[in-house]
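As a basis for the values below, the full set of heavy atoms in this structure was taken, side chains included, without hydrogen atoms, waters or symmetry mates. Below, chains carry the letters A, B, ... as their sequence lines are ordered, and counting in each starts from 1.
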Protein chains: 2
Amino acid sequence: MGKKGAKVIATLKDIAKLADVSVCTVSRYLNSDIVIKKETEERIRQAIKELGYVPNVVAKSLKRNETTNVAVILPKIDNLYYAAMTAGIGEILGNHHYNLFIYEVNHLNLDEREVLQLMRENMVAGVIFIGLSYDMSFKDSIQILLDWNIPVVYMNRQIPYNGYPLIYPDFMKAGGLAAEHLRGKGRKRTAFVYKNKSSEFIQSNINAYKDAYPESDELIMIDLDGDMDMDRCVDRLLEEKADSVFVLSELLTANLTKRLIQRGVRVPEDIAAIGFGYSLISEISTPELTCLDFGDKEMGRKGAELILSQIHKKKVEPVTVLPVRLVEREST
Amino acid sequence: MGKKGAKVIATLKDIAKLADVSVCTVSRYLNSDIVIKKETEERIRQAIKELGYVPNVVAKSLKRNETTNVAVILPKIDNLYYAAMTAGIGEILGNHHYNLFIYEVNHLNLDEREVLQLMRENMVAGVIFIGLSYDMSFKDSIQILLDWNIPVVYMNRQIPYNGYPLIYPDFMKAGGLAAEHLRGKGRKRTAFVYKNKSSEFIQSNINAYKDAYPESDELIMIDLDGDMDMDRCVDRLLEEKADSVFVLSELLTANLTKRLIQRGVRVPEDIAAIGFGYSLISEISTPELTCLDFGDKEMGRKGAELILSQIHKKKVEPVTVLPVRLVEREST
DNA sequence: TTGTATGCGTTATCAG
DNA sequence: CTGATAACGCATACAA
């Protein structure tokens, strides 16, 4: 349609012919390492323009045995936190002219080994894993990528160093920030409310909390699993005469706060609420929620830098811990 | 380290040698079109296993002059709607063993032409654009992809057909659903509240509304731009004695509702609120918001199918309009 | 400063 | 049923 039927794709050879030089000279011009005579350069430039030449990075990748594609493997892309991390990753990658592959493992009907094999089949330059706190996925099988010399970054989970760089927010500090904040508000009977968290994750938060606020009462632990629904959770809070909740999820904080108010409990007067996570959820809630900002997007940026450094054969820190921030709002 | 120093990557040639067959036989075995003698097949299988062979899809792509990578170009990935669409796209692509590239154009410091060139450089099999309603990006420059024989789908915007398939929710129907709903609730003085929408978009919503509810009072139009902040918007609603608002954004609906309640207006008793968009925002809000579900994820799925069909040289509908659903909750 | 020749790993076209 | 051999588009060692 456009110009003259099916457009044929111009290659290096075509422009070499048109510019009356060798393929190799054109390649040199494009990758501009070596100097070229001004005159021939002009002919090449003309030919490129005339034929609308676009380089073929697939061929280049094959030849150079490397791509500029980085893969992100995550549990769920339509989740504000993972999306924010992904945005940060994409920003840095874009700045460095790298492309971003997304693999949402929930959708992929493949086992871990197959997903990892996909990475190598596609010759990705590096892989960033975004981990769920209650999910052990890939933690062990990742080794195979290292065997294949594919750089890896593991993001958002505090796990022991195991040969690939880790980057995660300072979850320990989070517990401490919450503790100090609630102490400042004169709260002593705090409940930990959570769902789908590993016991190590819970325990380390408890420790951080107690360290920062040793004179607090014994923590009331509420795991929202099967039997324990939101209403029973509220019952429990009232029975225990809790004066505050520390919820390990922003959405859970919003839902719990809403339920408390429906049940006639005043927030923060009767029970103060503070939650994990800083997105529009805590801002939309009524009352607006005091929450912990884990800097998801910044973590994405930093993680991308970690993967790029490795791709460029630079040494990187084994473990990067990012600062956490407490955002005070109405719910405390 | 792993096994024996730097692991060498096995190629077809290597397994051919080990299995004592020709390269081409191995290739045939892998792509299993033609039948192979049982015995040699077994030798090949053995060799593949022994050498841990993984195919190189970059080489394959070069040879076959096509990839299995689909690009999604969107304004912002850390946005619930676009993320939901992306999730739908990824689900279908994954099922068909296609990979998903993400290009967040806000981040890319490139002009449109360069972004499109990126698509061809990387030999993507197809491109899905996710459009903002107030953004004209790429609408015209897309033609160049068609010239290059790269299939395209344009998602989430109602624009005139221009040579590439369109898929979007039935925005017209949305206005109608809202109108019918408010009529059913006996509301007559409705305000349209919006921000960053094109005048065509506004106008077509007005038309849809009036068609479905002709006996309604004249609509009160409130554009939340520079001067018009949320508080002035509330003032205006009270002055005009509005009994309902139809907000063309879910987040805006949540914020407006919150502000109304802070100002002592009862929702829905004094003013009923209904908004565009169905995500956790409307569920978290107090009161929970009646809203219009545009089926973002499903649109993603359908869009992915559209691109796959084109890649496989099948004819596709020029325009696909997806149904919209009204979700009734507390705010009306 | 430029050209020739080779190969990256794969598929496809021939023969055998 | 199987095997040479030639591409695909590009980068590069080596010559000139």
Which nucleotide wins on minimum distance to the side chain of [X], given the candidates [options]?
X	options	result
B:Arg64	C:dT1, C:dC8, C:dT11	C:dT11
A:Asn56	D:dC10, C:dT2, D:dA11	D:dC10
A:Lys60	D:dA11, C:dT11, D:dT2	D:dA11
A:Ile36	D:dC10, D:dT2, C:dT2	C:dT2

Kindly state which residues belonging to residues 12-26 of chain A come within less than 4.0 angstrom of DNA chain D, counting heavy atoms of the residue only, listed by number.
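Hits under 4.0 Å, by residue number: A:Leu12, A:Cys24.
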
Measuring from atom OG of A:Ser22 to atom NZ of A:Lys13, what distance do you get when rounded to the nearest 0.5 angstrom?
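Answer for the OG-NZ pair, A:Ser22 versus A:Lys13, is 13.0 Å.
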
Using a heavy-atom distance cut-off of less than 4.0 Å, which residues of residues 48-55 of chain B contact DNA chain C?
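Residues of residues 48-55 of chain B under 4.0 Å from DNA chain C: B:Tyr53, B:Pro55.
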
N/O contacts under 3.5 Å, protein versus nucleotides 14-16 of chain D?
none

Regarding [X] and [Y], does a basic nitrogen lie under 4.0 Å from an acidic carboxylate oxygen?
X	Y	result
B:Glu41	B:Arg45	yes
A:Glu91	A:Arg301	yes
B:Lys38	B:Glu42	no

Applying a 4.0 Å non-hydrogen cut-off, can you work out what A:Leu62 is touching in the nucleic acid: base, sugar-phosphate, or nothing?
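Base contact.
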
Does B:Thr40 reach a base, just sugar-phosphate, or nothing at all? Heavy atoms under 4.0 Å.
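It contacts sugar-phosphate atoms only.
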
Could you state the NZ-P distance from A:Lys63 to D:dA11, rounded to the nearest angstrom?
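A:Lys63 atom NZ is separated from D:dA11 atom P by 9 Å.
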
